[in-house]
Amino acid sequence: MKSNKNLIFDAQHIWHPYSSLVKPSSIHEVVSAEGVRLSLADGREIIDGMSSWWSTIHGYNHPRLNDAAKSQIDQMSHVMFGGLTHQPAVDLVRKLIDMTAEPLQYVFLADSGSISVEVAIKMAIQYWFAQGFTSKQKLLTVRNGYHGDSFGAMAVSDPENGMHSMFEQVLPKHLFAPAPTCRTDEEWQDSDIAEFRQLLIDNQQEIAAVIIEPLVQGAGGMRFYCPEYLRQVRALCDQYDVLLILDEIATGFGRTGSLFAYEQAAICPDILCVGKALTGGYMTLAATMCSDKVVNGIATDGTGALMHGPTFMGNPLACRVACASLDLLLESDWQGQVQAIEQQLTNELLPYQSNEIVKEVRVMGAIGVVELHQPMDQYMDWLSEFIVDQGVWIRPFRNLIYIMPPYVISSEDLSHLTTAIGAIIDRLSL
Ligand SMILES: *Cc1c(COP(=O)(O)O)cnc(C)c1O
């Protein structure tokens, strides 16, 4: 069988995310995808609960996105961005400026989320350097964060969550406050931000910027926190004169119930990173946006040149598809869809809270998380088979079973996902 051959070759030669080639883990071959369904080489169809890591918000194989890609291919798939520009980049940047907070008027088109974080960090350091504050080169962030896998991004991601510890010696040392613990349904306590504030006060001469994921900490633990924390962070950044970088790569484009999570705190960052859902999951593209203040700060010592420029920066094909994806999003009733998903996830996942292996169930927007008391790492191989046998695609990590489905998912398909989560919990309870 062709598919068996592919699986064997894959296991022998191809690295997957955080995977081993000497102890390959369970893998499935996808031959096509349509709407919220993946078709596997063995003939099975499974419902996608992951949106291919937050990205395929409109579902797979969408005619509008397909048309955008095909027509752009016939004009030009790529051209270098040094000294050249094109309509897809101009259109996309205009849309991004229109849909984000008013001060965010300037855009760097990066080629992946991690790179958009690298660019954000460079912007912040250049901002101070150009003004003569050469000691302001550190970032302040919180534990349990995740900002990407490249070295600069790794250095501001949680140092202890197991992903990066072996690179500790080569990573720049930044400052980590405790992860936010405040919850939306509890009263705000000043103690929630006390350590963060103290770190900022003690190190303000060395801090260029704060970097944080707003409201949802994604790959660092699928943790949610309250908007008041973010308001306090903004106020402290203003008070002690450091820039605020918000990483909305996971939360951006409606996932938490607002177009951007920062809207729920009624604040605006100095620098904003977006990615993941930007092209509707079609191809890799991200953006770093910033305000007048940042652009002018970087220009203080003369040219104002931002020192970054990847080969595939501003790729026209990705920009054109991103334009179509943003149009689709804004024309759709995404808010109604995300609200309906939130309501259904609340109704169908919350009852699992009574199971004794479950530590907590939490829902925000189109994100549902079941946190267990124990990690599932040792069961991952049979769990992955078990999940596909339930007709769904869910990828638990550590002690977390979570879903963030495409916004277009039907209520029946969503129930299929939540029922499968129940089956996983039951199976793990045995
Ligand atoms: C996924 C993610 C990144 C990294 O994006 P890549 O495209 O994988 O490089 C950065 N920050 C957050 C919050 C993310 O979820």
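First listed ligand is number 1; within each ligand, the first listed atom is number 1. Bear in mind that the values here come from a model prediction, so they are computed numbers and not experimental data.
- What sits closest to atom 14 (C) of ligand 1 on the protein, heavy atoms only, is K276 NZ, 2.9 Å.
- In Y146, the parts holding a heavy atom less than 4.0 Å from any atom of ligand 1 are both the side chain and the backbone.
- For ligand 1, the polar-atom distance check against W54 finds no nitrogen or oxygen pair separated by under 3.5 Å.
- At least one donor-acceptor pair closer than 3.5 Å links the side chain of E118 to the backbone N or O of A153.
- Residues E195 and R143 are not paired through a salt bridge, judged by the lack of any N-O separation under 4.0 Å between the basic side chain and the carboxylate.
- When hydrogens are left out, the protein atom nearest atom 5 (O) of ligand 1 is G113 CA, 3.3 Å; that is the closest non-hydrogen contact.
- Side chains of E213 and T251: a donor-acceptor N/O pair is absent below 3.5 angstrom, by distance only.
- Using modelled atom types and a 3.5 Å distance limit, the side chains of S52 and Y60 yield a donor-acceptor pair.
- For the pair D247 and ligand 1, the shortest N or O to N or O distance falls below 3.5 Å.
- Atoms of ligand 1 found under 4.0 Å from any heavy atom of S114, numbered from 1 in the order shown, are 4 (C), 5 (O), 6 (P), 9 (O).
- Using a cut-off of 4.0 Å between Lys/Arg side-chain N and Asp/Glu carboxylate O, D91 and K95 are scored as not salt-bridged.
- Close approach of ligand 1 to G148 (heavy-atom distance below 4.0 Å) involves ligand atoms 4 (C), 10 (C).
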Trace of the salt bridge (charged side-chain N to carboxylate O under 4.0 Å, His left out) decision for R94 with D98
CA-CA 6 Å; R94 192 167 274 138; D98 286 348; over 6 Å; no
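- Near H147, with a cut-off below 4.0 Å to any heavy atom, the atoms of ligand 1 are 10 (C), 11 (N).
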